[in-house]
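This report refers to the structure that appears directly beneath it.
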Amino acid sequence: MFQYVIKRLVFTIPVLIGISLLLFFMLRMLPGDPAQVLAGQMATPEEVENIRRQLGLDRPIHVQYAVFFSRLVQFDLGRSARTQNPVTREIWARLPNTVLLAVVAITLACLFGIPAGIVSAVRPYTWMDYLVTSAALFGISMPVFWLGLMLVVVFSILLQWLPAGGTGSWKHVILPSVTLASFVIAFIARMTRSTMMEVLSQDYTTTARSKGLKEEVVIVKHALKNALIPIITVVGLQFGLLLGGAVLTETVFAWPGLGRLIVDSILARDYPMIQGAILVFGLLYIFVNLVTDLLYACVDPRIRYD
Amino acid sequence: MKEQDKPLLTIEGLHTCFHTLDGIVNAVDGVDMVVYRGETLGLVGESGCGKSVTALSVLRLLACPPAEIQGAIHFQGVDLLGLDREGIRRIRGNAISMIFQEPMTSLNPVLTIGEQIAESVRLHQNLSGKEAWRWAETMLEMVQIPGPKQRAKDYPHKLSGGMRQRAMIAMALSCNPQLIFADEPTTALDVTIQAQILNLMQDLKQEFHTSIVLITHDLGVIAEMASRVIVMYAGQVVEEAPVRELFKNPRHPYTQGLLGSVPVIGKKAKMGRRLQEIPGVVPGPLETPGGCRFHPRCPKVADLCRREAPLETVLGEHRRVRCWLAA
Ligand SMILES: Nc1ncnc2c1ncn2[C@@H]1O[C@H](COP(=O)(O)OP(=O)(O)OP(=O)(O)O)[C@@H](O)[C@H]1O
Ligand SMILES: [Mg+2]
């Protein structure tokens with residue numbers, strides 16, 4: 001098990017190198033000139049040329065990559081072309097916000113999505129099931145920005161209970177995380193429902209009932225434990241996506257997270273910033289995947305890592 | 001009346017239907033039967049004739065809806081269909097337990113074998129966790145699983161099909177039930193393993209004084225194990241007889257077909273023939289033919305059979321047949 005973890009961690013190195021390569025060259029294929037963007041519309045060709053040289057963009061592309069890579073191995077992601085601040089510092093400033101939002105959202109999603117899915121699987125085609133499935137449909141199809149705005153209208157403007165945006169207290173976290181969680185709750189609820197229905201129709205569920213176990217025991221101990229494997233997969237994937245930043249939610253609530261940082265950097269063709277942010281995102285994603293895989297082994301004895 | 005002669009389970013007029021999108025499926029349609037203490041009752045019939053549904057109806061293991069169970073089922077005088085959920089739950093796995101056909105899918109893959117046996121003991125016998133676990137080990141030893149202490153800690157995927165079925169039997173016997181429904185317990189296993197499992201069940205039955213309702217397609221198994229046989233066709237009982245009677249003198253053309261027309265007593269190889277000798281297939285539960293349900297496949301069909309459904313004719317004690325020819 002321990003060896004497996006080490007092996008997986010070692011494997012992240014080539015993956016990250018691959019990401020950095022792909023990212024580096026794909027970025028440079030984007031239309032638009034970072035020097036031009038930075039210099040502005042009114043700049044003279046000389047000024048643009050000057051900025052280009054400052055950024056090192058006049059050198060051949062493989063040299064640029066070599067420079068980037070040699071800094072990368074020293075954990076130096078360079079300076080933002082836009083703000084001149086070190087990329088690592090900018091990312092460090094945003095990362096906790098993103099992680100906070102993602103953790104709260106995924107916790108809410110598990111707390112509400114899994115029980116809702118179980119209830120509707122256990123009592124299919126009853127009013128409770130219809131309530132859950134239609135709420136889930138609503139949650140999945142509703143645009144995030146619209147839901148966000150509606151929550152702001154109700155809870156910030158009309159009721160004045162919660163701040164409309166920004167960070168600072170736990171109150172600031174509520175609206176953005178609820179907005180972000182709504183889709184994930186719906187997604188997890190649907191997934192849980194279909195998996196539980198499947199598991200509840202398996203032979204071993206009938207065996208469990210034939211032993212005279214209480215229905216709660218049949219559902220939680222016998223069925224849910226089997227259903228957890230696909231549920232963990234979905235939760236892991238969704239958590240990974242949330243860590244990548246939620247551009248729309250961050251925009252609606254003026255939440256300083258990674259998502260908006262990446263979008264702003266792309267608009268400004270701020271190569272170092274984009275590269276840094278996406279590498280960090282890749283690292284987080286790999287880590288979440290590793291934890292997900294380890295969780296499988298906790299739930300399913302048929303999976304062994306050794 | 002001897003203790004032996006008291007009925008343990010009586011089923012009267014059992015009707016189990018399923019409300020499906022295609023219509024009402026009458027899976028079991030008016031079944032009567034009695035199970036006595038310590039006996040092995042064979043329940044035979046082709047696939048789809050309602051054997052499993054009968055067993056599941058007794059323990060009310062069918063989801064209602066879509067299933068609907070009518071009739072009367074009494075176990076030691078207790079009306080099982082009248083019990084509340086808690087009441088039937090106390091009977092399941094405790095006084096009546098089940099062994100299922102597919103050892104591969106009937107055990108929970110994420111719980112250890114020991115835990116799956118121990119949990120019902122903890123529940124029904126009020127044993128502590130440790131005592132229940134030790135009992136689980138004892139049960140595994142009793143069903144002749146080598147290294148029971150180690151096996152108790154294993155998950156089902158580590159066991160072979162035969163081992164799993166042994167574990168399943170250990171589970172079914174763990175609370176010392178009075179009655180076991182064994183629903184094709186050996187169909188999924190190799191022939192050699194089949195014989196071992198059947199012998200094991202036979203031995204344990206003696207030891208625990210348990211009654212068994214043995215559901216099977218296999219007349220060889222019936223000849224080996226059962227003392228009395230009930231033959232089902234399309235949701236109904238078509239014949240009942242003590243096992244020797246049935247093999248010597250089958251009265252229903254369906255039973256005769258099952259036995260391959262010429263019953264030979266004492267030659268087990270011949271009796272072991274599977275059920276392929278009857279032309280045609282079992283009618284689907286939605287297309288039950290009028291008149292006698294067997295008439296489209298019956299070699300001795302008469303006009304009356306097409307027009308009217310035969311009633312049961314009682315020929316003696318535990319000897320009845322549903323056929324116009326016997327009436
Ligand atoms: N849940 C259900 N919904 C609808 N129909 C069902 C259901 N369960 C069983 N049936 C129908 O009831 C009939 C009897 O099924 P049952 O499983 O009792 O047959 P069986 O005699 O045990 O056959 P086999 O030997 O294949 O196990 C079949 O026609 C089947 O299609
Ligand atoms: Mg069956």
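Computed from heavy atoms alone, side chains included, the values below leave out hydrogens, waters and symmetry copies. In what follows, chains are A, B, ... by sequence order, proteins preceding strands, each numbered from 1.
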Checking [X] against chain A: side chain, backbone, both or neither under 4.5 Å from a heavy atom?
X: B:Met104; answer: neither
X: B:Arg85; answer: side chain
X: B:Gln101; answer: neither

Between [X] and [Y] (salt bridge meaning N to carboxylate O under 4.0 Å), is one present in this structure?
X: A:Lys225; Y: A:Asp300; result: no
X: A:Lys221; Y: B:Glu119; result: yes
X: A:Arg209; Y: A:Glu215; result: yes
X: B:Glu141; Y: B:Arg151; result: no

Min side-chain heavy-atom separation B:Ser47-B:His217 under 4.5 Å: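 Yes, their side chains come closer than 4.5 Å.
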Check: A:His222 main-chain N/O paired with B:Asn108 side-chain donor or acceptor under 3.5 Å: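 Looks like yes, one N/O pair under 3.5 Å.
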Heavy atoms only, distances under 4.5 angstrom: which of [options] has the most pairs with chain A? Name it, please.
options: B:Thr112, B:Leu107, B:Leu56; answer: B:Leu107
options: B:Gln116, B:Glu102, B:Arg92, B:Met98; answer: B:Arg92
options: B:Glu86, B:Lys158, B:Glu115, B:Arg90; answer: B:Glu115

Please identify, among A:Thr207, A:Val299, A:Thr206, the residue contributing the most non-hydrogen atom pairs under 4.5 Å to chain B. A:Thr207
